[in-house]
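Worksheet for the structure shown next.
Within every chain, numbering begins at 1; the chains are lettered A, B, ... in the order of the sequence lines, protein sequences first and strands thereafter.
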Protein chains: 2
Amino acid sequence: MSQMERKTAGVPTLKRLPLYLRLLRKMKESGEEYASGTVVAKELGLDPIVVRKDLAITGAVGRPRLGFPMDEIISAIEEFLGWSNTSDAFLIGVGSMGTALLGYKGFEQHGMRIVAAFDNNPAIIGTEVHGKTVLDIAKMPELARRMHVQIGILTVTASVAQGVADKMIEGGIRAIWNFTPTSLDVPAHVILQREELASSLAVLSHRLLVESSNI
Amino acid sequence: MSQMERKTAGVPTLKRLPLYLRLLRKMKESGEEYASGTVVAKELGLDPIVVRKDLAITGAVGRPRLGFPMDEIISAIEEFLGWSNTSDAFLIGVGSMGTALLGYKGFEQHGMRIVAAFDNNPAIIGTEVHGKTVLDIAKMPELARRMHVQIGILTVTASVAQGVADKMIEGGIRAIWNFTPTSLDVPAHVILQREELASSLAVLSHRLLVESSNI
DNA sequence: TAGATTGTTAATCGATTAACAATC
DNA sequence: TAGATTGTTAATCGATTAACAATC
């Protein structure tokens, strides 16, 4: 048991926290001093009780009648997610998905900064993509170790995904955000976050089907 | 109650079905005639009981000792997800994310085909992106209605997302796959599937944090 | 027959929903 | 004080896990 108590949250809660954060930042910009769970819930189409429980887990303390002081609730969420200090990430695989992610400006607001991009294709090594020079993948493990990079974004072709993941781990990377459809085999201490477009599409397709047959 | 009984599945089950499908197709290609839930579970790192329950919901019938006949189980999953007939989709917003999705070859194997791409930027209207001509967004609603397109992929800038979603609905689109961070307001009959990179990142970040404080 | 796997029924676990007391 | 909101405790719901009978 560590000295500092840190509550852990379920996945559903974790997935909602960024939605609150985005809204709260927007509310702050428009000058609001307090945010109540009720208002947040209404704005996002969620149940107020869910929002209250989620906010409670961050350790923030609200005031009856007023809600949560804006700066406190924003900091509490950022703190809880580990977004108060941005982590460095490597992106490997500068194909269309990799390029899209390199172009996404929002990551810095979500505690992550892509500090380098890698590929094995000589035709694109050395070129600039969204302001970042593409480096040779051969240099990745050593650079990762030297820069203490903890997060690897995997956007390579499915067939080479496992090999590249192995190289990431060799470089000391502790969390892999996997955009390929490959099921990776990694040591227990490595965190895997899979991004499955097919899974989302399955939920959508099935709903469409159910909706159709009920009408 | 419709004449044809169709079981509905929970979201977790729906999200796993495409993983099974991908593996089973691969096994079929390498000549396997049967697939047992046990093998599928081991291959994907899942609990065999979960796999058995998931496969049961598709209506497929397996044989003790052997497992499921390959063609039958593949068809059962495709049928259940509505992937036996591909649905047409429009993609609106040919920025970096839109371009990446246009370049993704895998959708046809998941019951969807992007039949047209739209944008409002005169500089890219008329150009070809991954073999598809970018059309003027002004023409989208009418074309959607004429072609009976049911799925809209939303990859525009956050600030115009709601307006474009409204246009989609005007064109009769019934399901919106939302890649923007905007919380959309749509009529009850419209299906929303939100793709939240920030949510995934939150799960990853929090795990990284918990892992770190436990060591 | 023996044994692996399916399919079903029951138990556990966790998330959501409901109810309500505490508080400013 | 009255009323809106927080924070907590209990009830419900659904998914996961466990146990086991049925079957080829």
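One atom, NZ of A/Lys42, and another, C1' of D/dT5, lie 13 Å apart when rounded to the nearest Å. If you take CG of A/Leu46 and C1' of C/dT17, they are 14 Å apart, rounded to a whole angstrom. The distance from atom CD1 of A/Ile49 to atom P of D/dG7 is 14 Å, rounded to the nearest whole Å. Rounded to an integer number of Å, the gap from A/Phe68 CZ to D/dG7 P is 5 Å. Here the P atom of nucleotide D/dG14 and the CD1 atom of B/Ile57 are 13 Å apart, to the nearest Å. Taking atom OH of A/Tyr34 as the reference point, atom P of D/dT5 lies 14 Å away to the nearest angstrom. Atom CD1 of B/Ile73 and atom C1' of C/dT6 are 12 Å apart (whole Å). Taking atom CG of residue A/Leu66 and atom P of nucleotide D/dG7, one finds them 12 Å apart after rounding to whole Å.
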Original post:
Run the salt bridge (charged side-chain N to carboxylate O under 4.0 Å, His left out) check on B/Glu78 and B/Arg25 step by step: do they pass?
Top reply: CA-CA 11 Å; B/Glu78 289 174 343; B/Arg25 284 170 174 165; 2.9 Å; yes
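In terms of heavy atoms, A/Asp119 sits closest to A/Gly95 at OD2-N, 4.4 Å.
Note: B/Tyr34 and B/Phe68 fail the aromatic proximity criterion, with ring centroids not under 6.0 Å apart.
The phosphate of C/dG14 (OP1 or OP2) has no side-chain N or O of A/Thr13 nearer than 4.0 angstrom. For B/Arg16 and D/dA15, the shortest distance from a side-chain N or O to OP1 or OP2 is not below 4.0 Å.
Each of D/dT5, C/dT6, D/dT17 was ranked by its minimum atom distance to the side chain of B/Arg52; first place goes to C/dT6. Among the nucleotides D/dA18, D/dG7, D/dT16, the one closest to the side chain of B/Pro12 is D/dT16. The side chain of B/Pro64 lies closest to D/dT23, out of D/dG7, D/dT23, D/dT5.
Searching all strands for a Watson-Crick or G-U wobble partner of C/dT16 with both distances below 3.5 Å returns D/dA11. With a cut-off of 3.5 Å on both pairing distances, the Watson-Crick or G-U wobble partner of D/dA22 is C/dT5.
When each of A/Arg65 and A/Asp47 is assigned the nucleotide of DNA chain C with its nearest heavy atom, A/Asp47 is the one assigned upstream, toward the 5' end.
In terms of modelled atom types and a separation under 3.5 Å, the side chain of A/Ser36 and the main chain of A/Val39 share a donor-acceptor contact.
Between the side chain of B/Lys53 and the base of C/dT9, at least one donor-acceptor pair of N or O atoms lies under 3.5 Å.
Within a 6.0 Å radius of CD in A/Gln162, more than 12 heavy atoms belonging to other residues, nucleotides or ligands are found.
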